[in-house]
Amino acid sequence: MKFALIGQDIPMLLPALLADLLFAGKQAAEVAVEEKNSAMRDVLQRYGDAVIAHSKLPATLLVTDSRKAALTNADCVIYAGDCMAASRFRQDREALGGTDEDNPGLTDQARVNGGIGGLMHTLRQGENVLALCEAMRENCPEALVITLGQPVARTTAMFLRQGFRCYGLGRTPMRGANGLDMLTKKLDRKPQDVHATIAGLPGFAFLLGIADRATGENLLPYLLDMADLGDLGRLTKRWLDWYGALPIGDVTDHAEFLPAQEDFIPEEEPEFGESVERRKERILHMNKVGELGAADGEGMMAQWLLLSKAPPIRPMQLALALLRGDDIDVPAVTRRNEGELPQLPREAVIEAELSLRAGQPAPHGTILPDGLADVCGEIDETNRLAAMAAEGDRSALRECVELDPALAGLDRLYCQDLVEKLIELHSDVLTQFD
């Protein structure tokens with residue numbers, strides 16, 4: 001079994017990926033990491049070799065600058081890439097900002113996943129994803145893909161359009177502000193003590209049911225009462241009033257896919273990957289493990305610190321279940337609908353719990369409130385049109401701008417013109433539009 005790890009966020013994810021493969025999954029495998037920076041290649045190689053030695057499994061790690069070497073005969077490709085995300089986002093935001101009081105611009109559209117900013121993010125991802133797909137067709141045409149690249153719904157749709165079996169994992173609704181962990185805390189319970197039904201789209205997921213695992217008690221009414229009183233925040237109450245369901249996860253993510261909210265301003269500096277400080281800290285701990293080994297006291301502490309800072313998403317756990325034919329239930333997985341949410345098209349790209357039985361998906365047939373199903377349908381169509389546009393399809397690009405619910409109330413022709421100017425601004429990386 002071979003895993004190819006591609007993208008600039010892989011070094012941040014490597015500790016958890018190897019831990020889930022070797023210790024939790026107890027799977028010997030070839031792991032290949034594409035890394036262009038020679039100094040970082042050395043750090044990752046020595047770190048990975050030390051972790052593999054500690055596992056005592058006949059696994060191997062190759063850290064290489066050759067994409068062909070990384071991909072050849074891979075059974076699974078885990079993609080965690082982007083295109084200079086932070087700097088490109090700042091360029092978008094500056095271009096969308098107005099110059100004076102009479103021309104405030106469309107700064108609200110400087111978003112990561114939705115609206116004009118999300119569309120530009122998608123187009124830039126297209127350059128990366130299309131190049132990767134071309135290399136995969138040559139070196140591992142049957143590989144499973146797990147994508148972590150934002151916007152997750154749209155990168156998943158890109159891989160699916162290119163003919164690959166693909167699943168995505170985005171910012172999870174299980175943790176953080178209004179995540180399941182915080183909501184269960186308000187119920188004086190732990191996440192493992194409840195069964196939650198979460199469904200919708202990536203970044204636009206809703207809590208449709210929650211019950212105590214031991215007693216079967218329906219806990220949703222308590223949360224609905226809290227939301228109705230405003231105890232879960234004004235945006236949560238607003239989405240509940242509009243769609244008849246409780247948004248879950250960071251509810252500001254939901255706002256990215258909707259028209260501008262007068263009392264909400266998107267982040268000026270959203271997080272992409274790890275900070276400079278976190279990167280320095282990670283390299284320090286990786287070097288410690290590489291020098292002393294993962295079984296040494298100091299090395300073991302360094303490894304624990306690395307794992308304690310790992311993102312909550314578990315792509316290796318999902319990949320192993322799919323490849324080995326395991327039984328598993330994984331919350332908040334992005335994939336082609338195929339009947340999981342019957343009110344949406346089968347080709348829709350959704351987010352919901354993935355239940356695998358002998359490695360095969362077992363749909364739950366989750367029903368959304370009608371109003372929520374309608375808006376999810378609109379957002380999904382926009383997501384898939386954006387994925388088509390990322391291939392250089394200008395017809396899909398125009399239709400995406402025309403239909404995007406995040407642009408409701410704006411002059412669509414003006415938005416079309418603005419998108420064309422932004423494409424010109426980023427023409428060095430948007431070569432599919434040459």
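Note that the structure is a prediction, hence the values are computed from the model and not measured.
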- Passes side chain to side chain contact (heavy atoms under 4.5 Å, CB included), L62 versus V33? Steps please. CA-CA 6 Å; L62 169 68; V33 177; over 6 Å; no
Are there more than 12 heavy atoms of other residues, nucleotides or ligands under 6.0 Å from atom [atom1] of [X]?
{"X": "R279", "atom1": "CZ", "result": "no"}
{"X": "E271", "atom1": "CD", "result": "no"}
{"X": "Y222", "atom1": "OH", "result": "no"}
{"X": "L403", "atom1": "CG", "result": "yes"}
{"X": "Q192", "atom1": "CD", "result": "yes"}
{"X": "D411", "atom1": "CG", "result": "yes"}
{"X": "W304", "atom1": "CH2", "result": "no"}

- Would you say the side chain of Y167 lies within less than 4.5 Å of the side chain of T147, judging by non-hydrogen atoms?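 No - every pair of side-chain heavy atoms lies 4.5 Å or more apart.
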- Item | Check: I379 and V375 side chains under 4.5 Å, non-hydrogen atoms |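 Yes. Closest side-chain heavy atoms under 4.5 Å.
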- Task: Take L320 and F3 through the test side chain to side chain contact (heavy atoms under 4.5 Å, CB included) and record every step on the way to the result.
- Result: CA-CA 10 Å; L320 284 174; F3 295 89; 3.8 Å; yes
Mind checking the [atom1]-[atom2] spacing from [X] to [Y]? Nearest 0.5 Å is all I need.
{"X": "R282", "Y": "L13", "atom1": "CZ", "atom2": "CG", "result": "9.5 Å"}
{"X": "E420", "Y": "Q416", "atom1": "CD", "atom2": "CD", "result": "7.5 Å"}
{"X": "L183", "Y": "I248", "atom1": "CG", "atom2": "CD1", "result": "5.0 Å"}
{"X": "F164", "Y": "R137", "atom1": "CZ", "atom2": "CZ", "result": "5.5 Å"}
{"X": "I10", "Y": "L44", "atom1": "CD1", "atom2": "CG", "result": "10.0 Å"}
{"X": "L220", "Y": "L208", "atom1": "CG", "atom2": "CG", "result": "8.5 Å"}

Is there a donor-acceptor pair under 3.5 Å between the side chain of [X] and the backbone N or O of [Y]?
{"X": "T122", "Y": "A387", "answer": "no"}
{"X": "H254", "Y": "A205", "answer": "yes"}
{"X": "D20", "Y": "A24", "answer": "no"}
{"X": "R41", "Y": "K36", "answer": "yes"}
{"X": "R234", "Y": "D263", "answer": "yes"}
{"X": "E30", "Y": "A59", "answer": "no"}
{"X": "R175", "Y": "T172", "answer": "no"}
{"X": "D250", "Y": "T252", "answer": "yes"}
{"X": "R278", "Y": "M12", "answer": "no"}
{"X": "H121", "Y": "V112", "answer": "yes"}

- Any residue meeting salt bridge (Lys or Arg N to Asp or Glu O under 4.0 Å) with D231, in chain and number order, not counting sequence neighbours: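 With neighbours one apart ignored, the set is empty.
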If the threshold is 4.0 Å, N to carboxylate O, is there a salt bridge linking [X] and [Y]?
{"X": "E34", "Y": "R67", "value": "yes"}
{"X": "R90", "Y": "E269", "value": "yes"}
{"X": "R336", "Y": "E347", "value": "no"}
{"X": "E281", "Y": "K309", "value": "yes"}

Over all atoms of both residues, closest heavy-atom pair of [X] and [Y]:
{"X": "A74", "Y": "A143", "result": "O-CB, 3.5 Å"}
{"X": "L410", "Y": "C415", "result": "CB-SG, 3.9 Å"}
{"X": "P405", "Y": "T382", "result": "CD-OG1, 3.4 Å"}
{"X": "A227", "Y": "L246", "result": "CB-CD1, 3.6 Å"}
{"X": "Q109", "Y": "I116", "result": "OE1-N, 2.9 Å"}
{"X": "D329", "Y": "S355", "result": "OD1-OG, 2.6 Å"}

We want to know whether [X] and [Y] form a side-chain donor-acceptor pair, criterion being a heavy-atom distance below 3.5 angstrom.
{"X": "H364", "Y": "E340", "value": "yes"}
{"X": "T334", "Y": "T156", "value": "no"}
{"X": "N73", "Y": "K2", "value": "no"}
{"X": "R154", "Y": "N113", "value": "no"}

- Query: For R335 and L354, what are the C-alpha separation, side-chain angles and deciding distance, and is it a side chain to side chain contact (heavy atoms under 4.5 Å, CB included)?
  - Reply: CA-CA 9 Å; R335 75 274 195 186; L354 175 65; 3.9 Å; yes
- Within residues 177-187 or reaching into it, pairs that qualify as side chain to side chain donor-acceptor pair (under 3.5 Å) - sequence neighbours excluded: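 Found N178-T236.
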- Show your reasoning for whether side chain to side chain contact (heavy atoms under 4.5 Å, CB included) applies to Q432 and E391. CA-CA 7 Å; Q432 66 267 49; E391 299 173 359; over 6 Å; no
- F206 vs F204 aromatic rings, parallel, tilted or perpendicular, using cut-offs 30° and 60°?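 The rings of F206 and F204 stand perpendicular, inter-plane angle above 60°.
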What side-chain donor-acceptor pairs closer than 3.5 Å can you find for residues 123-135, not counting sequence neighbours?
{"unit_1": "R124", "atom_1": "NH1", "unit_2": "D92", "atom_2": "OD1", "d": "3.3"}
{"unit_1": "R124", "atom_1": "NH1", "unit_2": "D92", "atom_2": "OD2", "d": "3.0"}
{"unit_1": "R124", "atom_1": "NH1", "unit_2": "H426", "atom_2": "NE2", "d": "3.3"}
{"unit_1": "R124", "atom_1": "NH2", "unit_2": "D92", "atom_2": "OD2", "d": "2.9"}
{"unit_1": "Q125", "atom_1": "OE1", "unit_2": "Y79", "atom_2": "OH", "d": "2.7"}
{"unit_1": "Q125", "atom_1": "NE2", "unit_2": "G81", "atom_2": "O", "d": "2.9"}
{"unit_1": "Q125", "atom_1": "NE2", "unit_2": "Q150", "atom_2": "O", "d": "2.8"}
{"unit_1": "E127", "atom_1": "OE1", "unit_2": "T431", "atom_2": "OG1", "d": "3.1"}
{"unit_1": "E127", "atom_1": "OE2", "unit_2": "T431", "atom_2": "OG1", "d": "2.5"}
{"unit_1": "N128", "atom_1": "ND2", "unit_2": "D82", "atom_2": "O", "d": "3.1"}

